[in-house]
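Report on the structure given below.
To find a chain, count down the sequence lines: A is the first, B the second, and so on, and within it residues start at 1.
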Amino acid sequence: MSKPSLPRGTRDFGPEQMVKRTFILTTIRSTFQRFGFQPLETPTLENLSVLMGKYGDEGDQLLFKVLNSGDFAGKLTPEDWTADSKQITTKIAEKGLRYDLTVPFARYVVMNRGTLPFPFKRFQIQPVWRADRPQKGRYREFYQCDADVVGTDSLLCEAEIVLMLHESLRALGIADFTVKINNRKILTGIAETIGAAGMEGPLCVAIDKLDKIGKEKVIQELHERGFTPENTQKLDPIFNLSTEEQPFDLLRNWLADSEIGRKGLDELEEIWTLVEGFGLNSPQMQFDVTLARGLSYYTGAIFEVKANGVQIGSISGGGRYDNLTGTFGVPGLSGVGISLGVDRIYDVMEELNLFPENQSITTHLMLTNFDREAELYGLKIVKAAREAGLNTEMYPDAVKLKKQLDYADRKQIPFVLLIGSSEIETGLLTLKNMKTGEQTKASVNEILKLVKAYLEPQINI
RNA sequence: GAGAUUGUAGCUCAGCAGGUUAGAGCGUCGGAUUGUGGUUCCGAAGGUCGCGGGUUCGAACCCCGUCUUUCUCCCCA
């Protein structure tokens, strides 16, 4: 018998961690709902035809593919085995684990377009899988919390996303964050302006690394990707942008000849105007030209959230995609959305010590188990305590008291009710406060009141 | 997918240039205390040295492969 192990990049979540994760999940969920988003869940498995080609070549490689059921290799010919081994996967796997929540959402919208109220706002909180190599803050199985609106071009949605990010992160206690915003159209405009129209793809990939590798190396990489020295020379103004307080005017001048670039700027300024209109308290948003998320489907706004003071990747990302449903045969549906990474948020909160105390209490009251008679006597008390709203349990075995109290101590149960022969005779039960060690004798009703009164300030009963 | 790095008791780690029966602290379990936890004292259990192969008289230690950990690149939540 070999020792059990977990697949790389996956984790168990024990009771302690689950309490914290649930806190994150419920906080985000209630924020999404307050903004009018409705829940959706989609299957873990999708057909590979839905998943493939949506995330670029890299993405296809990171998809977990599921072997066909039954004799998956039975119909393969000898030629298949000798040909390119990657070709074989299309013949033996036709399903895969979902890679994100946006593509399954697009699939859902297309399949149900006749019945959905548009604009359709949905949120979705489920795990996703990527066959990535794990690192800090990077797992192969992790949860995403997505909120998307599909069926409207309104920039109000973008502004609401900014608001939702602020509200949910602040509710979690993460105060020091930056919502970075850019617009894909501006990047397209820049490509036009420097005389490299249509090359914003590679431009983005290189520019995105500016704060990581610096100006020199970005230019070097651009040359490697086919940009001429003339192109990169014209690009020069961009390297000063990130230090500017108000880069809009500067950009407007620079991109004056690019229609799409001007459009991008208009959109960006409109988002700022709307957020201001909401009266958001000290917005933590920042325009960042170097922000160019790799996903190939973004067409308008691009979002990314960085938790400051923690060495970890972005905790949230999103943007507008004008034509996601187009790949499923329904063009013209514009959507915009955001995705929060629960696991990274967890890591950030753990590192910054932001989890609230007193969340770990699961059982409020434990009854001891002396003997058969006391056990039977206690059952109705357990039921009464539960009906009073207390998390209650009785120790299941009549073992030594020491052991029972030790159990309560380790489980951090605040109150223990001792019931022995004398208690049964008098009807006065012994309540022990595990924190102070203090013991009081009282009737069942009084005890339930006492415990509730003590816990009320900490816990909602 | 490329490169580096880690793996010894439940946990954190020792293990002297390859040399007999692999150690410690914490934790666990039992007892001191047959109805009183967190402190103390006494005692005990617990290890295919990640896995598989090789070199050697002899491997936890050296070599190869594989899995795993952490990190960089790539990409991303």
(request) Return one dot-bracket line describing RNA chain B 5' to 3' (Watson-Crick or G-U wobble pairs, both distances under 3.5 Å; ( ) same strand, [ ] crossing, | another strand, . none). (result) ((((..(..((((.....[...)))).(((((.......))))).....(((((..]....))))))..))))....
(message) I'd like the P distance from B:U70 over to B:G30, given in whole Å.
(response) 35 Å
(request) Could you tell me whether A:Glu267 and A:Arg320 make a salt bridge, using a distance below 4.0 angstrom between a side-chain N and a carboxylate O? (result) no
(message) What's A:Tyr143 touching, base or sugar-phosphate or nothing? Going by heavy atoms closer than 4.0 Å.
(response) nothing
(message) One thing to verify: whether A:Arg122 and A:Asp148 come together as a salt bridge, which I'm taking to mean a side-chain N less than 4.0 angstrom from a carboxylate O.
(response) yes
(message) Do the side chains of A:Arg140 and A:Asp132 get close enough for a salt bridge, i.e. N-O under 4.0 angstrom?
(response) no
(request) Report yes if a donor N or O on one partner sits less than 3.5 Å from an acceptor N or O on the other, where the partners are the side chain of A:Gln404 and the base of B:G35; otherwise report no. (result) no
(request) Decide, yes or no, whether a salt bridge links A:Lys121 with A:Glu160 under the criterion of side-chain N to carboxylate O below 4.0 Å. (result) yes
(message) Can you work out whether A:Leu6 or A:Glu58 has the more 5'-proximal nearest nucleotide on RNA chain B?
(response) A:Leu6
(message) For the C1' atoms, the ones on B:A60 and on B:U6, what distance do you get once it is rounded to whole angstrom?
(response) 15 Å
(message) Tell me whether A:Glu46 is salt-bridged to A:Arg107, with the criterion being a basic N under 4.0 Å from an acidic carboxylate O.
(response) yes
(request) Using the P atoms only, state how far B:A59 lies from B:G54, rounded to an integer number of Å. (result) 12 Å
(message) Please check this pair: side chain of A:Asn433 against backbone of A:Lys435, looking for a donor-acceptor N/O pair closer than 3.5 Å.
(response) yes
(message) If I pick the P atom on B:U48 and the same atom on B:C41, what distance separates them, to the nearest angstrom?
(response) 31 Å
(message) Please classify the nucleic acid contact of A:Gly317 as base, sugar-phosphate, or nothing, using heavy-atom distances under 4.0 Å.
(response) sugar-phosphate
(message) If I pick the P atom on B:G7 and the same atom on B:C11, what distance separates them, to the nearest angstrom?
(response) 14 Å
(request) For B:G15 and B:U21, measure between their C1' atoms and round to the nearest Å. (result) 15 Å
N/O-N/O pairs, protein side and nucleotides 1-11 of chain B side, under 3.5 Å:
residue	atom	partner	partner atom	Å
B:G3	O6	A:Arg133	NH1	3.2

(request) On RNA chain B, check which nucleotide each of A:Lys432 and A:Ile315 is closest to and give me the residue with the more 5' one. (result) A:Lys432
(message) Under 4.0 Å, heavy atom to any atom of RNA chain B: which of residues 370-384 of chain A qualify?
(response) A:Phe370
(request) Tell whether A:Thr368 reaches the base of B:G35 with its side chain through a donor-acceptor pair below 3.5 angstrom. (result) no
(request) Would you check if A:Tyr99 and A:Tyr55 make a side-chain contact, meaning some heavy-atom pair closer than 4.5 Å? (result) yes
(message) If the threshold is 4.0 Å, N to carboxylate O, is there a salt bridge linking A:Glu167 and A:Arg34?
(response) yes
(message) Any salt bridge linking A:Arg130 with A:Asp100? Criterion: basic side-chain nitrogen under 4.0 Å from a carboxylate oxygen.
(response) no
(message) Using modelled atom types and a 3.5 Å cut-off, is there a donor and acceptor pairing between side-chain atoms of A:Arg98 and backbone atoms of A:Thr42?
(response) yes
(message) Given A:Tyr407, which partner from the list A:Lys403, A:Lys411, A:Gln404 fulfils the side chain to side chain donor-acceptor pair (under 3.5 Å) test?
(response) A:Lys411
(request) Kindly say whether, by distance alone, the side chain of A:Asp409 makes a donor-acceptor pair under 3.5 Å with the base of B:G38? (result) no
(request) Rounded to whole angstrom, note down the C1' distance from B:A22 over to B:C16. (result) 14 Å
(message) Quick check against the 3.5 Å criterion: does A:Thr392 have a side-chain atom that pairs as donor or acceptor with the backbone of A:Leu390?
(response) yes
(message) Nearest whole Å is fine: how far is B:G35 C1' from A:Leu405 CG?
(response) 9 Å
